[in-house]
Amino acid sequence: KAGVTQTPRYLIKTRGQQVTLSCSPISGHRSVSWYQQTPGQGLQFLFEYFSETQRNKGNFPGRFSGRQFSNSRSEMNVSTLELGDSALYLCASSLTRDRIVNEQFFGPGTRLTVL
Amino acid sequence: TQLLEQSPQFLSIQEGENLTVYCNSSSVFSSLQWYRQEPGEGPVLLVTVVTGGEVKKLKRLTFQFGDARKDSSLHITAAQPGDTGLYLCAGDTGTASKLTFGTGTRLQVTL
């Protein structure tokens with residue numbers, strides 16, 4: 001079974017631009033979560049989608065948004081990029097959010113650099 | 001805000017040594033997971049512990065969940081260079097579909 005895939009793997013943008021990152025979950029997984037990882041803050045939860053609906057959201061500004069499609073693929077968008085948005089963005093999929101054990105499987109991440 | 005504190009932050013040891021990484025919180029978790037992450041890659045799930053007091057062994061790795069389900073430990077026996085990486089614990093409250101990640105322990109094992 002193929003793992004979680006994320007595209008692109010690397011991205012360089014300038015301040016003020018916007019960016020869209022893509023994530024394809026493991027086949028059959030309906031829940032997709034997004035995380036931001038930086039050296040200073042570690043792994044921080046952005047949001048989670050299940051059946052095309054955002055079910056949970058972390059403490060990030062409205063510049064960060066996402067969506068999920070009917071095939072469970074997900075995209076996240078960051079508008080008006082700031083230098084501090086430079087990070088590794090990780091996508092994780094899980095079978096369902098209703099399970100007691102919320103085992104998540106991560107993709108390799110998208111390394112975003114904002115200049 | 002739930003916090004998961006890991007200790008130590010950094011660990012540099014030689015091949016063959018034993019080590020223990022701790023993950024502590026004031027919150028109760030319905031389950032706790034351990035991940036290992038290598039540079040440029042996403043975290044890879046090692047184990048999930050669910051029951052208070054549970055001990056799981058994965059070859060040279062032993063994971064324990066505290067009785068009160070607020071803390072966990074990872075013990076590695078006879079460390080090998082292949083164990084090098086960032087170890088992350090992550091707690092699941094069971095009421096939200098997000099994981100709260102620990103601060104991380106960076107382990108380096110040298111020959």
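Numbers restart at 1 for each chain; the letters A, B, ... are given by sequence-line order, proteins then strands. Computed over heavy atoms, backbone and side chain alike; hydrogens, waters and symmetry mates excluded. The shown structure was predicted, so the numbers you read here are calculated from the model rather than taken from an experiment.
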Under 4.5 Å between side-chain heavy atoms, hopping through other hydrophobics if needed: is there a path connecting B:Phe63 to B:Leu107? yes

How far does CD of A:Gln44 sit from OG1 of B:Thr100, to the nearest 0.5 angstrom? 10.5 Å

Could you check whether atom CZ of B:Arg60 has more than 12 heavy atoms from other residues, nucleotides or ligands sitting under 6.0 Å from it? yes

Validation row: B:Pro43, A:Leu43 side chains within 4.5 angstrom (heavy atoms): yes

So which of A:Pro108, A:Cys91, A:Gly107 has the largest heavy-atom pair count under 4.5 angstrom toward chain B? A:Pro108

Would B:Leu74 and B:Val44 show up in the same hydrophobic cluster when neighbours are defined by side-chain heavy atoms closer than 4.5 Å? no

Closest heavy-atom contact between B:Leu99 and A:Tyr35? N-OH, 3.2 Å

Under 4.5 Å from any heavy atom of chain A - which part of B:Leu86: side chain

Can B:Leu19 be reached from B:Tyr22 by stepping across I, L, V, M, F, W or Y side chains whose heavy atoms are under 4.5 Å apart? no

If you count every heavy atom of other residues, nucleotides or ligands that lies below 6.0 Å from B:Lys57 atom NZ, does the total exceed 12? no

Side chain, backbone, both or neither of A:Leu90 within contact of chain B (heavy atoms, under 4.5 Å): side chain

Please flag which part of A:Gln37 lies under 4.5 Å from any non-hydrogen atom of chain B: side chain, backbone, both or neither. side chain

Could you measure the distance from the OG atom of A:Ser94 to the CG atom of B:Leu45? Nearest 0.5 Å is fine. 11.5 Å

Hydrophobic clusters here meaning ILVMFWY residues chained together by side-chain heavy-atom distances under 4.5 Å, can you tell me if A:Phe47 and B:Phe101 are in one? no

Which atom pair, heavy atoms only, marks the closest approach of A:Leu88 to B:Glu41? CD2-O, 4.2 Å

Decide whether A:Leu46 and A:Leu11 are clustered together by the hydrophobic rule: side chain heavy atoms of Ile, Leu, Val, Met, Phe, Trp, Tyr closer than 4.5 Å, transitively. yes

